[in-house]
Amino acid sequence: MEKYILENQESFKLEDIFDCGQCFRWNKQEDGSYIGVIKDAVIKVEQKNNKIIFSGESDRDFKSIINYYFDLETNYSDYKNKLSKVDEFLSESIKFGEGIRILKQDLWECIISFIISANNNIPRIKKIIERLSEKYGEKIVFDDKEYYKFPTPEALGKASVQDLRDLGVGFRDKRIYNTTKMVLEKQVDLEKIEKLENTNLMRDELLKLDGVGPKVADCILLFALKRLDVFPIDVWVRRVMNDLYIHKEDEEKVNKKELQKLAEEKFGSLSGMAQQYLFYWRRETSA
DNA sequence: ACCCAGGGTCGTC
DNA sequence: GACGACCCTGGG
């Protein structure tokens with residue numbers, strides 16, 4: 001068992017990081033710690049006073065996995081200072097979600113996870129991803145309990161449309177099936193996407209995948225490819241942006257272009273960060 | 001029991 | 001560009 005301890009780490013609260021909607025595979029334990037699977041490693045994180053303790057096992061360098069995944073080279077104070085100056089709403093939302101960090105998640109896992117997220121709710125999304133991993137992912141034993149890696153494209157490629165439907169993914173069965181095929185056949189080359197410089201070129205590639213529309217593409221860009229200039233618009237973001245800035249009676253009539261433009265003007269290259277603070281704030285504070 | 005919404009996308013018009 | 005359909009589950 002390896003351990004890695006951080007002291008006085010700025011911008012790091014487990015609840016904020018794991019409950020802000022960016023990831024689906026971290027589960028809170030009874031003692032307040034969280035356990036999750038990062039690629040091939042099961043990791044446990046606990047936060048006590050000013051210490052953050054990571055424990056787990058991995059073939060790769062434990063510290064570098066953590067440093068990378070939790071984006072520990074980035075200083076979030078700079079982001080927060082800039083965004084807090086935008087207006088009182090941002091300042092308020094940042095105060096609420098001060099411990100948020102944007103995780104650098106696996107691209108493939110992120111693609112499938114957000115295809116599943118379409119017109120779905122978070123508890124169900126998490127359950128579906130667990131079932132997919134149990135059935136098609138490799139087993140790992142940690143602390144005498146069983147965990148499962150997220151399935152590789154090759155492993156998931158063994159599932160038929162019907163297999164997926166039987167697992168409870170619903171109408172997303174064909175989308176997952178088709179996207180897996182496209183990735184396996186390299187009609188969309190994930191390694192190439194990761195090397196692209198331009199956000200729009202990356203998005204164009206992602207949009208070729210079945211089940212990936214503008215919203216899902218932007219989530220993938222933000223949560224796996226670390227593009228902070230995107231602004232994923234879902235029902236919650238539309239809601240909070242309308243309440244704060246637009247004030248239309250019927251929030252469904254707020255169009256996406258208007259919101260994209262507003263985000264670009266107000267948040268610019270930090271739009272993705274702003275989106276997370278606003279989303280988390282609005283979702284957690286509304287009954 | 002019934003209705004509705006949930007981190008949208010797709011096919012069709 | 002607008003519109004309905006779409007699996008399933010939890011909550012009112």
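Proteins get letters first, then strands, A, B, ... in listed order; numbering begins at 1 in each.
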Inset, instruction - Side-chain contact test, heavy atoms from C-beta onward, threshold under 4.5 Å: evaluate it for V183(A) versus L209(A) and give yes or no. - result: yes
Legend entry - Ring geometry between F18(A) and Y34(A) (parallel below 30°, tilted from 30 to 60°, perpendicular above 60°): tilted
Inset, instruction - Starting at atom CD1 of I122(A), determine the distance to atom P of dG11(C), rounded to an integer number of angstrom. - result: 14 Å
Inset, instruction - Round to a whole Å and report the spacing from CD1 of I115(A) to C1' of dC7(C). - result: 16 Å
Inset, instruction - Using only side-chain N and O atoms of R238(A), determine if any of them is under 4.0 Å from OP1 or OP2 of dG6(B). - result: no
Inset, instruction - Spell out yes or no: do the side chain of R172(A) and the base of dC8(C) have one donor N/O and one acceptor N/O closer than 3.5 Å? - result: no
Inset, instruction - Could you check whether the rings of F231(A) and F267(A) sit parallel, tilted or perpendicular, using 30° and 60° as the cut-offs? - result: tilted
Legend entry - Phosphate OP1/OP2 of dT9(B): any R175(A) side-chain N/O under 4.0 Å: no
Legend entry - Separation of atom CD in Q162(A) from atom C1' in dC7(C), rounded to whole Å: 12 Å
Legend entry - Residue mapping more 5' on DNA chain B - nearest nucleotide basis, C219(A) or V212(A): C219(A)
Legend entry - Exercise: identify the closest heavy-atom pair between C20(A) and I100(A): CB-CD1, 4.1 Å
Legend entry - R238(A) vs K256(A) side-chain heavy atoms within contact, under 4.5 Å: yes
Inset, instruction - Check the distance between dC10(B)'s C1' and K215(A)'s NZ and give it to me in whole angstrom. - result: 16 Å
Legend entry - Closest-nucleotide 5' rank along DNA chain B - winner of F223(A) and L209(A): F223(A)
Inset, instruction - Looking at every strand, decide which applies to G213(A) at a 4.0 Å heavy-atom threshold: base, sugar-phosphate, or nothing. - result: sugar-phosphate
Inset, instruction - Confirm from the modelled atom types if N119(A) and dC7(C) form a donor-acceptor pair under 3.5 Å, side chain to base only. - result: yes
Inset, instruction - Could you tell me whether the side chains of S64(A) and N67(A) share a donor-acceptor contact shorter than 3.5 Å? - result: no
Legend entry - Secondary-structure string, 5' to 3', Watson-Crick or G-U under 3.5 Å, | for another-strand partners, for DNA chain C: ||||||.|||||
Inset, instruction - May I ask you to say whether K126(A) pairs ionically with E130(A), meaning some side-chain N is under 4.0 Å from a carboxylate O? - result: no
Legend entry - OP1 or OP2 of dG10(C) under 4.0 Å from side-chain N/O of K127(A): yes
Inset, instruction - Determine the contact category for G21(A): base if any of its heavy atoms lies under 4.0 Å from a base atom, sugar-phosphate if only primed atoms, P, OP1 or OP2 are that close, otherwise nothing. - result: base
Legend entry - Atom-to-atom span, CD1 of I128(A) to P of dC7(C) - whole angstrom: 13 Å
Inset, instruction - May I have the distance from I220(A) (atom CD1) to dT9(B) (atom P), rounded to whole angstrom? - result: 9 Å
Legend entry - Rounded distance in Å - CG (D166(A)) to P (dC8(C)): 10 Å
Legend entry - Nearest-Å distance once atom P is located in both dC7(C) and dA1(B): 23 Å
Inset, instruction - Name the nucleic acid region contacted by C20(A), choosing base, sugar-phosphate or nothing; use a 4.0 angstrom heavy-atom cut-off, strictly under. - result: base
Legend entry - Whole-Å C1' distance, dA2(C) and dG6(B): 22 Å
Inset, instruction - Send over the distance from D173(A) CG to dC10(B) P, rounded to a whole Å. - result: 14 Å
Legend entry - E92(A) vs T285(A) side-chain heavy atoms within contact, under 4.5 Å: no
Inset, instruction - Mind checking P123(A) for me? I need base, sugar-phosphate or nothing, with any heavy atom below 4.0 Å counting as a touch. - result: nothing
